[in-house]
**Student:** 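First, the structure itself, so that you have it in front of you.
Excluded from the calculations below are hydrogen atoms, water molecules and symmetry mates; all remaining heavy atoms, backbone and side chain alike, are included. Source: prediction; values computed, not measured. Letters go in sequence order (proteins before strands), and every chain restarts at 1.
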Amino acid sequence: MADKRSHLSARVRGLRVSINHFRVLLAGDAFAFVSLALLVIIIGIAVIGPAYMSDFATALDLSLRNAPPFTDENGWLFWLGADALGRPLIARLIVAAQPTLLIATSAVIAAMLAGGILGLAAGYFGGLADNVIMRMADVLMSFPSLLLAIFALYVLGPSIPAVVIVLGITRMPIYIRVARAESLSIREQLFIESARAAGARRRRIIGVHITPLILPTLLTVATLDFANVMLAESALSFLGLGIQPPELSWGLMVAAGRDYLTSAWWVSLWPGFAILLTALSANLVSNWLRIAMDPRLRWRLERRWGDSDVE
Amino acid sequence: MAEFLGRRALHSAIAMLSLILFVFVIVRLSGNPALLYLPESASDELIREFNERYGLNEPILVQFGRYLWDIAHLDFGMSIRRHIPAIEAVVLAYPWTLFLSGITLVLSMLIAMTFGPLAAYRPGSVFDRSVTVLALFAASTPGFWLAITAILVFAIELGWLPTSGVGGPRYWVMPVAIMMLEITGTTTQVVRGSMVTSLASPYVKAARAKGMPERRVVFVHALRNSLIAAVTVAGDQTRGLINGAVVVETIFGWPGIGKLMIDAIVQRDFAVLQAAVLTTAFAIFLLNLIIDIIYAVLDPRIRFR
C-alpha cells in the first residue's frame, strides 16, 4: 500500500515538473501564449455566453434592420451592427459560438475515439483486420471530404448529429494511421513482452500499457485537426448542408449575410472573422504543442527562451 | 513491376467498389430511393411506376448488380431538370474544373518552390517564421468567407474585377486566388520541411565546398531532392482542390463540377449529383494510380515495399 502511494506521488511530482516545464516553454512563445489566451476566452464565451445572450439574439427589431456597426446610439449590443431582422450581431455571434465549437469538438472526439480504436486494433492484431481497416482508411483518405459530406448529408438530410457523424467519419483516417503506427512500434517493445510473460491478458496489455502511450499523440493530432473540422462545418453550413436555421453557427451567419453584401457588409464579415480568429488560435496552439511535445524539436522553443534572456 | 502494377490496380478497384457500395447503401438508408430521383411532388402512382421500371422492388443483391452494371456503362439516369443524361451534364462541367484546378496547382507549386527553400535556408529566421505564420493564416481562413469578402472589396467597391461568371482573364483572378488559399500553405510547409533536411545533407556541403554558387546549390541541388515530397503533397492536394472547387465555383458562378453538384442539390436533381460524385471518385482513384506508377518508375525502392 505504502509502496503504491509513493509510486503515485512520484507520478504527481513528475506531472507537476512537466507542467512547469510547459509553462516556461509557453511563456517564451508570445504567439502561442496569446493564442492560447484567446482560445480560452472564446471557449469561455461559448460556454457561459448563450445563457445571457440567447434572448437578445432572437429579439427582432425591424427598425434596426441592418443597423451599421461602430455607433453607440442603439446601445452596446449593436456596436457590431445588426442583421437583416434587426437582431444584434454581438449577441448572435456569442450564441453561435457554442454550437460551432461543440460540433467541431464532438466530431474531433468521435473521429479520435473511433479512429484510435480501429488503428490500435489494426496495429496490434495485424493480419486481415489490419488489411481491411487500412484499405478502408485509404478509401476515405483519397476521397475529397467535402464531397462525401455533401452527398451523405443530402441523402440523409442535414441535422446536427448527422453533421457530427459525417465530419467524424471523414477525419477518421488520420487517427487510424497514427494509432496503428504507434501501436505497431510499441507492440514490439520489451516491456510489452515482459507484461505478456508475466501473464497479462490482452485486454490489460492494450488498456494499461499501450493506450496511455498512444493517447498523447492522438490528442496532439486532435488539436491540430480541430481547426480543420471547424472550417469544414462552416463550409457545409454556408452551402446550406450543415446546421439549419433556426439553429445558429458562424458559417450559417456568413451565408445569411451574403444577400446583403452590397448594403450591409458587416453581417457576414464578423462571423467569418470569428471563424478565422478561432481557427488561427487553435492552429497556433497546436503548432506549439506539437513542438513542445516532441523532445527532438523542443530545443527550438528552449533556445528562443534563452535568446530573449540575452537580448 | 508487373506485380506492383497489378497489386496497385487491384487496390484502386477495391477502393472504387467500396465507394460505390457506400453510395448504394447510403441511398437505401435514406428510406425510399425513388424519392431521391423524383421531384418532391411525385404521386404514389409515379413512385410505384419508378420502382417498377428501375427494379427497386427486387432483392437488394439484384439491385446492386444492376446498379454496378449501369455505372459500368456510365448510365447514371436522366437529369430531371436538364432533360439530358446525367453523365452529359457532368462531362460538360469537367473542363472548367480541370482548368481552374490546373492553374491553381501550377501557381501554388511555383510559390511553394520559391518560398519553401527561402524559409528553409535559415530555419527560425524572421523570414522563416513569417512564412510559417502566413501558412497558418491561410490554413485558418474560411475560403467561402474570404471569397465573398474579396467580391465585396475588388468587385463591388473597387470595381476592378467581375463579381462572378466566366470570360476573359479578369474572371480567373479571384477564383484561382481563393483556390490557392486552400493548398499553397501546406505545400510550402512540406517543401520547407524537406528542404531543411536536404540542405543539411553532405552532398550540399560538397557542392558548396567545390565553390558552386549558393543560389545553384539551393535551387538546383537541394531542391531537386525535395521535389518528391512536393509531388507527393501535390497528389494529396487534388482532394483539397476538389473541396475548394465546390465552394469557389458556387460563389463565383463557375460552371464546373462543384457548382454542378450544389446546383443539383438545390434543384433536387439526384441523378446528376450521383454521377458527379462517382465520376470524381473514379478520376481521383485513377489519378492516384498514375501518381503511384510515376513514383515506382522514379524510385525503384517503392516497387518492392
Side-chain angles (χ1 to χ4, degrees), chain A residues 31 35 135-136 138-157 169 227-228 230-232 234-241 250-251 253-255 257-258 261-262 265 268-269 271-284 286-287 300 303-304 307, chain B residues 11-12 14-16 18-19 22-23 26-27 29-30 33 36 123-124 129 132-133 136-137 139-146 148-149 151-153 156-157 163 235-236 238-247 250-251 258 261-262 264-266 268 270 273-274 276-277 280-281 284-285 287-288:
Chain A
F31 269 136
S35 45
R135 282 286 82 73
M136 202 178 80
D138 282 348
V139 174
L140 275 177
M141 198 93 170
S142 57
F143 199 69
S145 51
L146 199 55
L147 239 62
L148 209 68
I150 284 175
F151 189 80
L153 287 175
Y154 175 70
V155 173
L156 300 177
I169 288 176
N228 285 333
M230 199 181 73
L231 289 173
S234 304
L236 280 176
S237 299
F238 175 79
L239 292 171
L241 287 158
W250 287 335
M253 288 177 71
V254 176
R258 203 184 151 194
L261 203 57
T262 44
W265 49 266
S268 60
L269 193 76
F273 225 68
I275 300 172
L276 170 62
L277 203 63
T278 314
L280 189 63
S281 306
N283 271 333
L284 280 167
S286 71
N287 207 31
R300 282 208 239 158
R303 199 191 56 174
R304 210 182 289 153
D307 281 351
Chain B
H11 281 175
S12 295
I14 292 175
M16 190 66 212
S18 32
L19 191 86
F22 170 80
V23 168
I26 210 163
V27 167
L29 270 184
S30 73
L36 288 171
R129 293 186 68 191
T132 306
V133 170
L136 277 177
F137 243 103
S140 314
T141 310
F144 59 91
W145 170 74
L146 197 68
I148 63 172
T149 309
I151 289 179
L152 177 70
V153 174
I156 297 172
E157 292 295 325
T163 48
D236 285 342
T238 51
R239 287 196 322 270
L241 282 174
I242 300 285
N243 282 341
V246 173
V247 171
T250 311
I251 293 175
M261 275 187 247
I262 298 298
I265 287 173
V266 173
R268 300 196 59 84
F270 182 72
L273 176 65
Q274 184 174 243
V277 168
T280 308
I284 285 175
F285 290 136
L287 187 77
N288 281 341

**Student:** Mind checking the OG1-CG spacing from B:T149 to A:L276? Nearest 0.5 Å is all I need.
**Tutor:** 10.0 Å

**Student:** Could you pull out all residues at least two apart from B:S140 that satisfy side chain to side chain donor-acceptor pair (under 3.5 Å)?
**Tutor:** A:N283

**Student:** List the atom of A:R258, the atom of B:T250, and the distance in Å for their closest heavy-atom pair.
**Tutor:** NH2-O, 4.1 Å

**Student:** Which bit of B:L287 comes within less than 4.5 Å of chain A, counting heavy atoms only: side chain, backbone, both or neither?
**Tutor:** neither

**Student:** Heavy-atom cut-off 4.5 Å, strictly under: side chain, backbone, both or neither for A:A227 against chain B?
**Tutor:** neither

**Student:** Heavy-atom distances under 4.5 Å only: say whether B:V23 touches chain A with side chain, backbone, both or neither.
**Tutor:** both

**Student:** Which residue out of A:L241, A:I150, A:T278, A:L231 racks up the most heavy-atom pairs below 4.5 Å with chain B?
**Tutor:** A:L231

**Student:** From B:F285 CZ over to A:D138 CG, what is the distance, rounded to the nearest 0.5 angstrom?
**Tutor:** 9.5 Å

**Student:** With a 4.5 angstrom heavy-atom cut-off, is it the side chain or the backbone of B:I148 that approaches chain A, or both, or neither?
**Tutor:** both

**Student:** So for A:L140, is it side chain, backbone, both, or neither that comes closer than 4.5 Å to the heavy atoms of chain B?
**Tutor:** neither

**Student:** Any heavy-atom pair between the side chains of B:I242 and A:L146 that's under 4.5 Å?
**Tutor:** no

**Student:** Below 4.5 Å, heavy-atom pairs only: which of A:S268, A:G257, A:A232 has the largest tally toward chain B?
**Tutor:** A:S268

**Student:** Give, as side chain, backbone, both or neither, the part of B:I265 having an atom under 4.5 angstrom from any heavy atom of chain A.
**Tutor:** both

**Student:** From B:I14 CD1 over to A:M136 CE, what is the distance, rounded to the nearest 0.5 angstrom?
**Tutor:** 14.0 Å

**Student:** Drop me the distance from B:Q274's CD to A:Y154's OH, to the nearest 0.5 angstrom.
**Tutor:** 11.0 Å

**Student:** Identify which part of B:S12 has an atom lying under 4.5 Å from any heavy atom of chain A, answering side chain, backbone, both or neither.
**Tutor:** neither

**Student:** Side-chain contact test, heavy atoms from C-beta onward, threshold under 4.5 Å: evaluate it for B:P142 versus A:V254 and give yes or no.
**Tutor:** no

**Student:** Working to the nearest 0.5 Å, report the span between CG of A:L239 and CD1 of B:I262.
**Tutor:** 4.5 Å

**Student:** Just so I know, are the side chains of B:T141 and A:L280 near enough to count as touching, which here means a heavy-atom distance under 4.5 Å?
**Tutor:** no

**Student:** Look up atom CZ in A:F238 and atom CH2 in B:W145, then write down how far apart they are to the nearest 0.5 Å.
**Tutor:** 12.5 Å

**Student:** Residues in ring pair (Phe, Tyr, Trp, His ring centres under 6.0 Å) with A:F151, at least two apart?
**Tutor:** B:F270

